[in-house]
Q: 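Quick one: this structure, given as structure tokens, is what I'll be asking you about.
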There are 2 protein chains.
Amino acid sequence: MADDIDFKIIDILKINSRLSYAEIGKQIFLSPSSVRERVKKMEDSGLIQGYTLRLDQRLMGNNLEAFIMLKIFSGKLKAALVEIESYPEVKEAFRITGQHNLYIRIALKDQLHLQQFIDKLVNFGEPTTHLILSRIGKENF
Amino acid sequence: MADDIDFKIIDILKINSRLSYAEIGKQIFLSPSSVRERVKKMEDSGLIQGYTLRLDQRLMGNNLEAFIMLKIFSGKLKAALVEIESYPEVKEAFRITGQHNLYIRIALKDQLHLQQFIDKLVNFGEPTTHLILSRIGKENF
DNA sequence: GGTGAAAGCAAATTGCT
DNA sequence: AGCAATTTGCTTTCACC
């Protein structure tokens with residue numbers, strides 16, 4: 001489906017998704033209308049799912065980033081899924097293989113906030129918490 | 001620094017970072033120039049770090065998503081950090097607290113690819129692998 | 001698939017409040 | 001902080017290749 005030119009466009013949009021088609025076209029020697037056509041096709045096919053921003057969580061008032069892995073109590077999975085979707089602290093969450101069933105990435109104001117968050121999770125499972133100390137490299141989704 | 005109007009703009013850009021200032025302004029009853037000014041200030045302050053896209057990893061040819069937690073061997077941390085930054089499979093990586101030292105999120109073609117990836121990591125530490133089965137809710141960075 | 005032309009919009013600057 | 005007006009550039013569509 002997608003060819004090398006498409007992947008070049010994706011690589012450019014990864015770095016700055018607000019660039020104009022004209023600007024993208026300059027970088028890959030293609031007309032703005034062709035760039036637009038290709039982008040539109042990638043959107044329509046679902047390859048490009050959308051455009052979003054990168055935020056500095058510290059400047060958003062979240063001094064703590066962490067992830068929690070949850071070993072869900074028997075029969076509590078459905079309730080946990082619904083609950084987790086509703087928390088604004090949750091940045092992403094997955095079902096996973098291994099000793100734990102859920103991975104939950106969170107951004108929090110401080111340690112008290114973390115404590116309160118964990119207190120909510122213990123209704124659904126046994127949490128293991130890992131604080132994020134620093135990022136390595138750049139995001140590359 | 002940032003007020004409620006700024007956060008409204010951020011919420012809109014989270015959903016679609018390619019919207020025009022005019023369109024954002026319509027949604028929050030603000031002129032395009034004011035929206036632009038506010039966005040620019042948030043970029044300059046570092047609150048908004050950039051704009052990127054959401055991709056469907058399956059349609060990108062990556063049928064396996066996983067994360068690996070690495071317990072680094074003594075003296076191997078620096079080498080591991082350099083190495084990990086260079087792998088295109090790595091979507092994000094953190095230093096973390098707990099039994100393991102590094103968290104590495106990856107997107108891979110298939111199980112063979114995962115095996116090869118793990119084989120590279122075992123030079124630096126002891127890996128624990130968790131496959132991602134499905135996402136819960138939407139990304140919310 | 002790619003292009004270029006034309007109409008309609010958006011971005012960016014400026015000056016005013 | 002916000003707005004309107006301007007110029008400059010971009011988007012979008014479409015006929016053509």
Side-chain angles (χ1 to χ4, degrees), chain A residues 1-63 88 107 109 138-141, chain B residues 1-63 88 107 109 138-141:
Chain A
M1 277 238 59
D3 63 10
D4 286 359
I5 298 174
D6 287 332
F7 290 130
K8 275 187 194 168
I9 293 173
I10 284 175
D11 285 342
I12 291 168
L13 287 172
K14 265 188 197 172
I15 297 166
N16 183 0
S17 67
R18 274 187 76 80
L19 284 185
S20 68
Y21 300 128
E23 180 55 41
I24 297 165
K26 268 179 208 160
Q27 294 188 31
I28 60 172
F29 307 100
L30 209 61
S31 70
S33 28
S34 294
V35 174
R36 184 182 179 280
E37 241 174 56
R38 282 174 173 273
V39 170
K40 195 146 196 346
K41 271 182 196 164
M42 291 192 281
E43 289 170 355
D44 291 345
S45 75
L47 211 191
I48 293 179
Q49 298 207 306
Y51 306 94
T52 189
L53 28 55
R54 286 190 294 266
L55 294 171
D56 185 315
Q57 285 299 338
R58 283 227 165 67
L59 293 176
M60 286 290 284
N62 296 317
N63 290 299
K109 286 200 287 290
K138 300 240 160 288
E139 279 165 24
N140 180 30
F141 294 103
Chain B
M1 278 239 56
D3 63 11
D4 287 359
I5 298 173
D6 287 331
F7 290 129
K8 276 186 194 168
I9 294 172
I10 284 175
D11 285 342
I12 292 168
L13 288 171
K14 265 187 197 172
I15 296 165
N16 183 359
S17 67
R18 274 187 78 80
L19 285 185
S20 69
Y21 300 127
E23 182 54 42
I24 297 165
K26 269 180 205 159
Q27 295 188 31
I28 58 171
F29 306 101
L30 210 62
S31 71
S33 26
S34 294
V35 175
R36 187 188 174 277
E37 253 173 45
R38 281 174 173 273
V39 170
K40 197 146 196 341
K41 271 182 197 166
M42 291 192 282
E43 289 171 357
D44 290 345
S45 76
L47 210 191
I48 293 178
Q49 297 207 305
Y51 306 94
T52 188
L53 30 54
R54 287 190 293 267
L55 294 171
D56 185 314
Q57 285 299 337
R58 282 229 165 66
L59 293 176
M60 287 290 285
N62 296 316
N63 291 299
K109 286 200 289 288
K138 300 239 160 289
E139 278 165 25
N140 180 30
F141 295 103

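Throughout, a chain's letter reflects where its sequence line sits, starting with A, and its residues are numbered from 1.
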Q: If every non-hydrogen atom of A/Phe7 is compared with every non-hydrogen atom of A/Ala2, which pair is closest and at what distance?
A: CE1-O, 3.8 Å
Q: Should A/Met42 and A/Ile10 count as side-chain neighbours, where that means a heavy-atom distance under 4.5 Å?
A: yes
Q: Please list all pairs passing the salt bridge (charged side-chain N to carboxylate O under 4.0 Å, His left out) test where one or both residues lie in residues 22-38 of chain B, with sequence neighbours left out.
A: B/Asp3-B/Arg38, B/Asp6-B/Arg38
Q: Mind running a 4.0 Å heavy-atom check of residues 27-43 of chain A against DNA chain D and sending the residues that fall below it, in number order?
A: A/Ser33, A/Arg36
Q: Under 4.0 Å from any heavy atom of chain B: name the first and the last nucleotide of DNA chain D that qualifies, 5' to 3'.
A: D/dA1 to D/dA4
Q: Axis-to-axis angle across the helix from C/dG1-D/dC17 to C/dT17-D/dA1, five pairs an end, to 10 degrees?
A: 30°
Q: Let's see if you get this right: which residues in residues 6-25 of chain B place a heavy atom under 4.0 Å from DNA chain D?
A: none
Q: What's the verdict on side chain to side chain contact (heavy atoms under 4.5 Å, CB included) for B/Asn63 and B/Lys109, showing C-alpha distance, side-chain angles and the deciding distance?
A: CA-CA 5 Å; B/Asn63 291 299; B/Lys109 286 200 289 288; 6.0 Å; no
Q: Can you tell if the side chain of A/Glu43 reaches within under 4.5 Å of the side chain of A/Tyr51, non-hydrogen atoms only?
A: yes
Q: Less than 4.5 Å apart, any side-chain heavy atom of A/Met60 and any of B/Phe141?
A: no
Q: For residues 54-63 of chain B, which residue pairs qualify under salt bridge (charged side-chain N to carboxylate O under 4.0 Å, His left out), counting only residues two or more places apart or in two chains?
A: none
Q: Between A/Lys8 and A/Asp4, is there a side-chain heavy-atom distance shorter than 4.5 Å?
A: no
Q: Is a side-chain N or O of B/Arg18 found less than 3.5 angstrom from the main chain of A/Leu19, in a donor-acceptor match?
A: yes
Q: Enter the distance from A/Leu13:CG to A/Ile24:CD1 here, rounded to the nearest 0.5 Å.
A: 4.0 Å
Q: Any side-chain heavy-atom pair from B/Lys14 and A/Leu55 closer than 4.5 angstrom?
A: yes
Q: Might you point out which heavy atoms bring A/Ser17 and B/Ser17 nearest each other, and give the distance in Å?
A: OG-OG, 2.7 Å
